[in-house]
Amino acid sequence: MSARSALVPIILTLVVAGTGCTVSSTAVLDDDTARVAADAEPGNWLSHGRTYGEQRFSPLTRISTETVAGLGLAWSYDLGMNRGAEATPIVRDGVMYVTSAWSIVHAISAKTGAKRWVYDPKVSREVGPKACCDVVNRGVAVHGGKVFVGVIDGRLVALDAATGVVAWETVTVDQSQPYTITGAPRVANGLVYIGNGGAEYGVRGYVSAYDAQTGALRWRFYTVPGNPATGPDGAASDSVLERMRATWTGEWWQNGGGGTVWDAIVYDPEFDQLLVGVGNGSPWNQQIRSPGGGDNLFLASIVALDAKTGAYKWHYQTTPGETWDYTATQPIMLADLTIGGTPRKVAMQAPKNGFFYVINRANGQLISADPYLDMKAAKDTPRGAPVAWAYAVDTKTGRPIENPEARFKAGTTLIHPNPDGGHNWHPMSYSPQTGLVYIPIQDGAIDFAHDPAYTRLEGFQNLGVLIGTLPDDPQVRKAIRNGYRGALLAWDPIARKAAWRAERRGAYNGGTLAVAGGVVFQGTIDGHFLAMDAKTGKELWSFDNQAATLAGPVSYELDGEQYISVPAGYGGVFFLINGLFLPREGSPANARVYTFKLGGSAPRPVIQFARIPTPKPPVLPVTADQYRRGGFLYDTFCLNCHGIAAITGGVLPDLRKSGRLQDAVLWKAAVVDEELASRGMPRFSRHISAADAELIRAYVAGQAGLLFNQEQERTPPATQ
Ligand SMILES: O=C(O)c1cc(C(=O)O)c2c(n1)C(=O)C(=O)c1cc(C(=O)O)[nH]c1-2
Ligand SMILES: [Ca+2]
């Protein structure tokens, strides 16, 4: 596609989305204007959240509360691998651009699902261990005949939209550091905006703007201060460097400080500003990171920057002195709301910390903040009563009223919400018809304790927090599992309370889409795709996608037919770490894009997988203390990929069933001798001794024993 054909000439009645402001003129729509006027192109889904305001509301009406029961599969497309599917597809002029894990871009016919081209950035699998939460990707941006993708190894690549051929590529990070990119780029003003991740490992976060035509860096804004000894960065953030530094203590730069911009970046055309969501501190534990306390700007904040220059405009910090992985990277949405009779231009966010924020986007002042989780419910759990980090936010000062116990200074504290957050990256949507924001939420708590023996491990997660090994007792496990719940919440940002709540089977459910036909769509962790009445939450339709459906669904129209499309796939952080909490077993089936239309009758792909019985594990002669130490080492080095208590989500190898578990030599070859490094196993030789590897094996063998016994109880061995 040439740059010229990307210009859309129309007689323009430009309704600036959500503003009610109508401008009439004859004009040529360039890509940026087209996104502002996205309602003039309801058939397309032009950018991550459809419009710049990212409300994920489609004005299309054919699929409605009346007709939705007639939805059927139009086509499905195999994304070629069984890793997490988190991308929001972009649909433009009959072509869908969607990514799979490992940052692979697929261009597909939006009508038939036929492949146009595939671009694979060929990332070394050794990069995998740098990703805290699987090698996922949340999608591309399309602009001026190019497709932009952030690559997990830190590259930003521009492709020719017609052919998938690389137009330019640039490295946006120091690749010797544990930086990753999982978020979707955004484009405005001829600039491509991209952030990065890595705050679990230890990096310094920033957001950058690149020239969409040439790939040249135009500006960069660091979200946390660097080592004062090295002076200013020559970056757009320099003007607020002193202000940031004044809120930090100790030698925070030793582990980067964190503050990664790994998901939300929203362009606000009305103020020509970029709103970026900033992540958690690095290490998590503020007692280690910034021992004298302080707010640690701009962690866990929404920061507004001049979109052309990156100059600081304002910020709002959701969690001052962040210490629980409470990122404010969650999706940010722009809207015009009339609050108390006054029209307000607002930004809305439901960050991990459990509160829903409405912010005046002219100046960053807090309008309201209310708990979307029940922060006061101090229900007893098998691990005691959870401690909510804060019960309320003082709207006058904009600061939370913190619970003094929550900073885990005295022993182990059960913190609510847990680091998955009350809401994570899963996109929320807003229907201007109902006035409700549809938020996938979850409600769980986890033990936090200060790690007195913390030392930075180069290339590994550095949290400074002990989370605690899962007890072996099956009854306790069951209770912990049942205590972690998920729901879809319809939140009224003006009334400041939920209008309805629909329970889900398990936590970490999918993103939402609202359509003008009065329907809300959501995928679930247990593999279904649901349509609900936007007013009431009543379920109107469902489809078994056979794979966790977490990505942001989209809607588009072609030749008079409306489509709903959503990627689905096993993978993502829950399938690595949180196997314990999965309501449905993972499968090795590939991720797929599922696309629906009224009367669609494509057959559902047949996915079968055999459950492999657990071999009888070896019994290793270790003491109870050694077993516990094995568990501790497992939690430190293995849990992030192979799951809590070696319970896998089915994506990476199940160590309990691994042949290597049976044999000390084979086990050591993988764990210590780096035999599997090229396949993505971290290089542990400097950190795990042969003796420690045996203790880890003893722990995993113990966990395998629990599963083996369960299976034997279910299926008694045949008698001869
Ligand atoms: O601090 C970071 O840099 C960072 C990065 C990412 C990421 O890039 O995926 C996640 C997180 N943190 C995180 O805290 C988190 O809960 C999370 C969930 C997911 C996911 O894709 O499911 N990514 C991330
Ligand atoms: Ca994080």
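As the structure lists them, so they are numbered: ligands from 1, and atoms in each ligand from 1. In what follows, every heavy atom counts, from backbone to side chain, and hydrogens, waters and symmetry copies are set aside.
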Atom 8 (O) of ligand 1: closest protein heavy atom, distance to 0.1 Å, is Thr182 OG1, 2.7 Å
For Gly198, the ligand 1 atoms with a heavy-atom partner under 4.0 Å come out as 2 (C), 3 (O)
The ring-ring contact (aromatic ring centres under 6.0 Å, His included) partners of His106 (sequence neighbours excluded) come to Tyr77
Going by the 4.0 angstrom heavy-atom rule, the piece of Asn424 near ligand 1 is side chain
Here the atoms of ligand 1 under 4.0 Å from any heavy atom belonging to Thr260 are 1 (O), 2 (C), 3 (O)
Verdict with reasoning, Tyr222 to Leu241, per side-chain contact (heavy atoms from CB on, under 4.5 Å) = CA-CA 9 Å; Tyr222 289 93; Leu241 210 50; 5.8 Å; no
Numbered in order shown, the ligand 1 atoms found under 4.0 Å of a heavy atom of Lys352 are 13 (C), 14 (O), 15 (C), 16 (O)
Any N or O of Thr180 that comes nearer than 3.5 Å to an N or O of ligand 1? no
Practice prompt. Output yes if Asn280 passes the N/O/S-under-3.0 Å test against the Ca ion (ligand 2); output no otherwise.
Written response: yes
closest protein heavy atom to atom 19 (C) of ligand 1 is Cys133 CB, 3.5 Å
For Val573, the atoms of ligand 1 under 4.0 Å from one of its heavy atoms are 22 (O)
protein heavy-atom neighbour closest to atom 6 (C) of ligand 1 works out as Trp262 CD2, 3.4 Å
Quick note on ligand 1: atoms under 4.0 Å from a heavy atom of Gly197 include exactly 3 (O)
In Phe448, Phe408, Trp324, the residue satisfying ring pair (Phe, Tyr, Trp, His ring centres under 6.0 Å) with Trp389 is Trp324
Within the 4.0 Å heavy-atom cut-off, what Gln330 brings close to ligand 1 is neither
Between Asn196 and ligand 1, is there a nitrogen or oxygen pair with a distance under 3.5 Å? no
Treating Arg83 as the side-chain partner and Ala101 as the backbone partner, does any N or O pair qualify as donor plus acceptor under 3.5 Å?
no
Ligand 1 atoms nearer than 4.0 angstrom to some heavy atom of Ala199 are 1 (O), 2 (C), 3 (O)
Practice prompt. Output yes when a side-chain donor or acceptor of Lys352 lies under 3.5 Å from a complementary backbone atom of Pro419, and no otherwise.
Written response: yes
Hey, does Cys132 sit under 4.0 Å from ligand 1 if you only count heavy atoms? yes
Measure from the side-chain N and O atoms of Gln287 to the backbone N and O of Arg407, and report whether any donor-acceptor pair falls under 3.5 Å. yes
Note to self: Is Tyr508 close enough to touch ligand 1? Criterion: a residue heavy atom under 4.0 Å from a ligand atom.
What the structure shows: yes
Under 4.0 Å from one or more heavy atoms of Asn280, ligand 1 contributes atoms 1 (O)
Of all the N, O or S atoms in Asp325, the one nearest to the Ca ion (ligand 2) is OD1
Residue set satisfying ring-ring contact (aromatic ring centres under 6.0 Å, His included) with Tyr594, at least two apart, ordered chain then number -> none
Checking Asn227, Asp233, Asp174 against Arg204 for side-chain hydrogen bond (donor to acceptor under 3.5 Å, both in side chains), the one that qualifies is Asp233
Leu274 backbone acceptor or donor facing Arg186 side chain under 3.5 Å
no
At under 4.0 Å between heavy atoms, what of Phe574 touches ligand 1? The answer is neither
Indicate yes or no for a side-chain donor-acceptor contact from Asn353 to the backbone of Phe355 under 3.5 Å, with no hydrogens or angles considered.
-> yes
Under 3.5 Å, is there a donor-acceptor pair between the side chain of Arg125 and the main chain of Met681?
no
Looking only at protein heavy atoms, what sits closest to atom 9 (O) of ligand 1 is Arg138 NH2, 3.1 Å
Point to revise | Pairwise side-chain contact, Thr170 with Leu217, heavy-atom cut-off 4.5 Å (strictly under) | key: no
Between ligand 1 and Asp325, can you find any atom pair, the residue atom being a heavy atom, that is separated by under 4.0 Å?
yes
One finds that the ligand 1 atoms under 4.0 Å from a non-hydrogen atom of Val136 are 21 (O)
- request: Indicate whether the side chain of His450 and that of Asn285 have a donor and an acceptor atom separated by less than 3.5 Å.
  value: yes
